[in-house]
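A short worksheet on the structure shown next.
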Amino acid sequence: MDDERMEAGLEEELKRALSAPEDISPVSDEGQEEQASARDTEQSPNSESIPGKQQESGKAGKKKKKKKKAGKIVLVTAGVIVAAAAVYGGFSWQYKEHFFKGTVINGIDCSGMTVSEVEEQLKKNTEDYELTLKFRDGKTETITGKDIGYTYVSDGSVQAVKDRQIPVLWIKSLFGGSTESASAETDFDAEALEKTLSALPEMQADQMTAPANAYVTWTDTGFSIVPETEGTQLDTQKVIQAVSQAVENGETEVDLDSLGAYTEPEVRQDSQELKTRQEQLSSLVGSSITYTLPSGETKVLDGNTLKDWLVQDEDGNYTKDETAWSQHIQQFVAELAEAADTWGKDREFVTTNRGTITRSSNLYGWKVDQEEEAAQLAQELESQTVTTREPVYASREVSSENNGIGHTYIEMDLSQQHLWVYENGNLWGETDIVSGTMTEARHTPECISTIYYKETDRWLKGPQNPDGSYRWNTHVDYWMPFQDMGMIGMHDAWWQSSFGGTNYIYGGSQGCINLPPEFAAKLYDWITEDVPIICYYSEAYTFHE
């Protein structure tokens with residue numbers, strides 16, 4: 001307060017000194033002459049009687065008065081200058097120990113303050129020091145100066161600012177202050193800081209969440225990139241270093257995220273490598289093939305299944321392994337065949353006069369050509385085909401009615417030695433037959449099949465003897481093979497004296513179905529390769545030697 005009063009007094013004195021000339025009331029030359037003339041007249045009573053002397057005396061008086069006036073002005077001006085100099089010198093003396101007006105150091109208005117006062121304020125600011133730490137997820141923690149032994153250390157930088165201010169130039173501060181900076185050196189207990197930081201909840205390993213890389217995964221819309229997860233895992237050494245530096249700089253806030261103190265994901269969603277992988281995977285599973293099956297059901301192969309054919313590592317990343325991919329194709333085709341095939345499976349059949357029987361459809365029915373289907377499927381997957389089709393079949397059923405047999409077929413009951421031919425559900429014809437002799441090697445096997453082909457004027461030859469001849473070599477006019485890879489068929493048998501009965505047990509054929517020649521001719525003209533043949537024993541049988 002004393003310094004402020006002194007400074008105010010000096011300023012008032014300076015103003016008074018500078019305004020002193022205004023208190024002197026100047027008189028015009030004419031007025032001064034009139035006043036001087038009047039005084040001379042009063043002092044010289046004989047002036048009227050001496051005109052010449054009066055004039056001379058007036059002139060001399062005027063000269064004397066002018067000299068007197070000039071001297072007075074000089075004295076006043078000199079006084080003003082002396083007073084101003086005294087006031088200016090007083091201010092200069094005042095600012096020898098005090099900062100100029102408008103001086104700001106480290107945000108503190110130091111006008112009129114001494115160096116010690118400024119340092120005391122800096123010390124107080126240091127004692128009130130707080131550092132706010134900003135973590136992810138909006139969390140914050142505060143470290144106080146007391147927590148870390150934070151103190152102000154005078155290093156002479158405030159005095160250096162004062163030394164740069166030349167006291168006699170104080171008047172410049174009236175026309176604008178100056179902002180200065182001092183280092184305001186501080187000290188703190190590094191060990192206490194590290195201990196304080198280590199105790200924070202956010203610095204505990206079990207409270208941290210590790211970052212997760214962006215990756216490609218399967219979603220309802222196909223392969224998509226899942227963005228990275230930043231996590232809350234801190235690099236504790238980086239935190240300690242960053243906070244220590246902030247304390248040294250006197251900062252009051254530290255954003256640990258912006259300082260890079262968090263462990264970062266290695267792969268982000270904008271990774272070109274990741275985008276390329278997504279495109280590649282999408283192309284691998286871009287196909288959609290809808291199979292229509294004989295049962296009327298459908299089987300779809302699309303990305304939902306194809307993505308499982310890819311190899312996935314522990315991080316969820318997908319890659320294509322050619323060997324595994326090929327195996328999946330083979331497996332899928334096998335499953336497709338299992339769903340579609342009726343070939344080799346049992347089916348029921350309503351006989352003409354022996355009721356319903358169940359027999360193996362060993363040579364008839366739906367059968368997927370797995371090799372051809374696998375080849376076609378691999379090509380379609382490669383070209384990202386989208387289509388609806390049926391599988392590639394090696395064998396087909398001729399009808400979806402009558403349990404796949406339809407209503408046009410040939411029925412043979414080997415126990416009754418009789419054959420029936422039905423066309424569109426109506427009996428087209430029937431005849432007695434002679435089937436294979438009832439030995440294990442020569443009996444006619446049961447089957448459900450169709451003819452492989454038909455041929456006229458055919459020689460049927462048996463196994464070849466050592467001499468080059470054949471065990472049998474018989475000519476037939478009509479040949480219609482239907483099982484045993486074309487070795488067993490229906491044909492005319494002109495050598496048989498009778499058909500039907502039990503002659504087949506000991507006097508039957510080598511396995512073929514012997515037909516009366518006339519019926520064989522008619523059947524040959526009628527039959528096609530898509531006519532099912534059901535060949536069965538309606539009664540139990542045994543083989544003889």
Side-chain angles (χ1 to χ4, degrees), residues 351-354 362-364 409-423 427-529 531-545:
T351 66
T352 299
N353 56 21
R354 296 296 174 93
N362 54 347
L363 297 174
Y364 175 78
Y409 57 88
I410 297 174
E411 175 187 353
M412 303 180 198
D413 186 341
L414 302 180
S415 297
Q416 297 187 67
Q417 290 288 288
H418 199 79
L419 178 151
W420 297 266
V421 178
Y422 290 92
E423 183 176 35
L427 183 62
W428 177 85
E430 60 180 311
T431 183
D432 288 335
I433 61 172
V434 174
S435 62
T437 301
M438 291 303 295
T439 65
E440 188 171 359
R442 295 175 58 183
H443 78 286
T444 302
E446 292 184 316
C447 71
I448 301 177
S449 65
T450 59
I451 62 171
Y452 296 107
Y453 58 91
K454 60 182 182 179
E455 183 180 2
T456 59
D457 193 23
R458 172 66 182 267
W459 286 90
L460 304 179
K461 299 179 180 179
Q464 198 168 19
N465 296 315
D467 62 0
S469 62
Y470 295 94
R471 290 177 58 188
W472 65 87
N473 188 8
T474 306
H475 177 270
V476 297
D477 292 326
Y478 308 103
W479 173 239
M480 296 164 278
F482 65 93
Q483 63 168 306
D484 195 19
M485 302 298 292
M487 297 301 294
I488 294 177
M490 298 178 290
H491 59 80
D492 52 302
W494 49 266
W495 58 90
Q496 290 286 3
S497 58
S498 64
F499 296 88
T502 58
N503 289 339
Y504 75 101
I505 296 176
Y506 292 97
S509 69
Q510 299 294 331
C512 290
I513 303 298
N514 291 178
L515 300 174
E518 291 184 3
F519 189 87
K522 291 172 56 179
L523 183 62
Y524 183 90
D525 291 337
W526 175 85
I527 198 170
T528 58
E529 294 177 12
V531 175
I533 299 172
I534 302 90
C535 180
Y536 63 91
Y537 292 90
S538 60
E539 299 173 3
Y541 60 87
T542 58
F543 298 129
H544 61 80
E545 294 297 330

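The figures here come from the full heavy-atom set of this structure, side chains too, leaving out hydrogens, waters and symmetry mates.
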**OP:** Report the C-alpha distance between C512 and W479 in whole Å, list the side-chain angles of each, state the deciding distance to 0.1 Å, and finish with yes or no for side chain to side chain contact (heavy atoms under 4.5 Å, CB included).
**Re:** CA-CA 10 Å; C512 290; W479 173 239; 4.0 Å; yes

Original post:
Hey, what do you get for CE (M490) to CD1 (I488), rounding to the nearest 0.5 Å?
Top reply: 12.5 Å

Original post:
Which heavy-atom pair separates L414 from C535 by the least distance, and what is that distance?
Top reply: CD1-SG, 3.5 Å

Subject >> G501 versus Q417, closest heavy-atom pair with distance >> reply: O-CG, 3.3 Å

Subject >> Min side-chain heavy-atom separation Y524-M480 under 4.5 Å >> reply: yes

**OP:** Find out whether L419 and E430 are in side-chain contact, i.e. whether some heavy atom of one side chain is under 4.5 Å from a heavy atom of the other.
**Re:** no

Subject >> R354 CZ to S415 OG distance, which is reported to the nearest 0.5 Å >> reply: 7.0 Å

Original post:
Do the non-hydrogen side-chain atoms of Y409 and W420 ever get within less than 4.5 Å of each other?
Top reply: no

Subject >> Side-chain touch R471/N465, heavy atoms, less than 4.5 angstrom >> reply: yes

Subject >> Spacing of CD1 belonging to I448 relative to CD1 belonging to I533, to within rounding of 0.5 Å >> reply: 11.0 Å

Subject >> Q496 versus N503, side-chain donor and acceptor atoms under 3.5 Å >> reply: no

Original post:
Does the side chain of Q483 reach to within under 4.5 Å of the side chain of T444, using non-hydrogen atoms?
Top reply: yes

Subject >> Under 3.5 Å: donor-acceptor pair, side chain of D492, backbone of D477 >> reply: yes

**OP:** Side-chain contact test, heavy atoms from C-beta onward, threshold under 4.5 Å: evaluate it for W428 versus K522 and give yes or no.
**Re:** yes

**OP:** Say whether, by atom type as modelled, one donor and one acceptor occur between the side chain of K461 and the main chain of Y470 under 3.5 angstrom.
**Re:** no

**OP:** Report the distance from atom CZ of R458 to atom OG1 of T474, rounding to the nearest 0.5 Å.
**Re:** 12.0 Å

Original post:
Minimum heavy-atom separation for D432 to P516, with atom names?
Top reply: O-CD, 3.7 Å

Original post:
More than 12 non-hydrogen atoms from neighbouring residues, nucleotides or ligands closer than 6.0 Å to CD on E518, yes or no?
Top reply: no

**OP:** Show your reasoning for whether side chain to side chain contact (heavy atoms under 4.5 Å, CB included) applies to N514 and Y504.
**Re:** CA-CA 10 Å; N514 291 178; Y504 75 101; over 6 Å; no

**OP:** Sort out for me which residue in V476, I513, L523 forms a side-chain contact (heavy atoms from CB on, under 4.5 Å) with H491.
**Re:** V476

**OP:** Kindly compute the distance separating OG (S469) from CD (Q464), expressed to the nearest 0.5 Å.
**Re:** 7.5 Å

Subject >> Minimum-distance pair of heavy atoms, taken over all atoms of L515 and I433 >> reply: CD2-CG2, 3.6 Å

**OP:** Might you point out which heavy atoms bring S498 and V434 nearest each other, and give the distance in Å?
**Re:** O-CG2, 3.7 Å

Original post:
Is there a donor in the side chain of D457 and an acceptor in the side chain of H475, or the other way round, less than 3.5 Å apart?
Top reply: yes

Subject >> Rounded distance [0.5 Å steps], CG in N473 versus CG in L460 >> reply: 8.5 Å

**OP:** Would you mind reporting whether T352 and H418 have side-chain heavy atoms less than 4.5 Å apart?
**Re:** no

Original post:
Side chains of V421 and W526: does their closest heavy-atom pair fall under 4.5 Å?
Top reply: yes

Subject >> Donor-acceptor pair between T351 and D413 side chains, under 3.5 angstrom >> reply: no

**OP:** Could you tell me which non-hydrogen atom of Y537 sits nearest to which non-hydrogen atom of E446, and how far apart they are?
**Re:** N-OE2, 2.8 Å

Original post:
So F543 and H443, would you call those rings parallel, tilted or perpendicular, with 30° and 60° as cut-offs?
Top reply: tilted

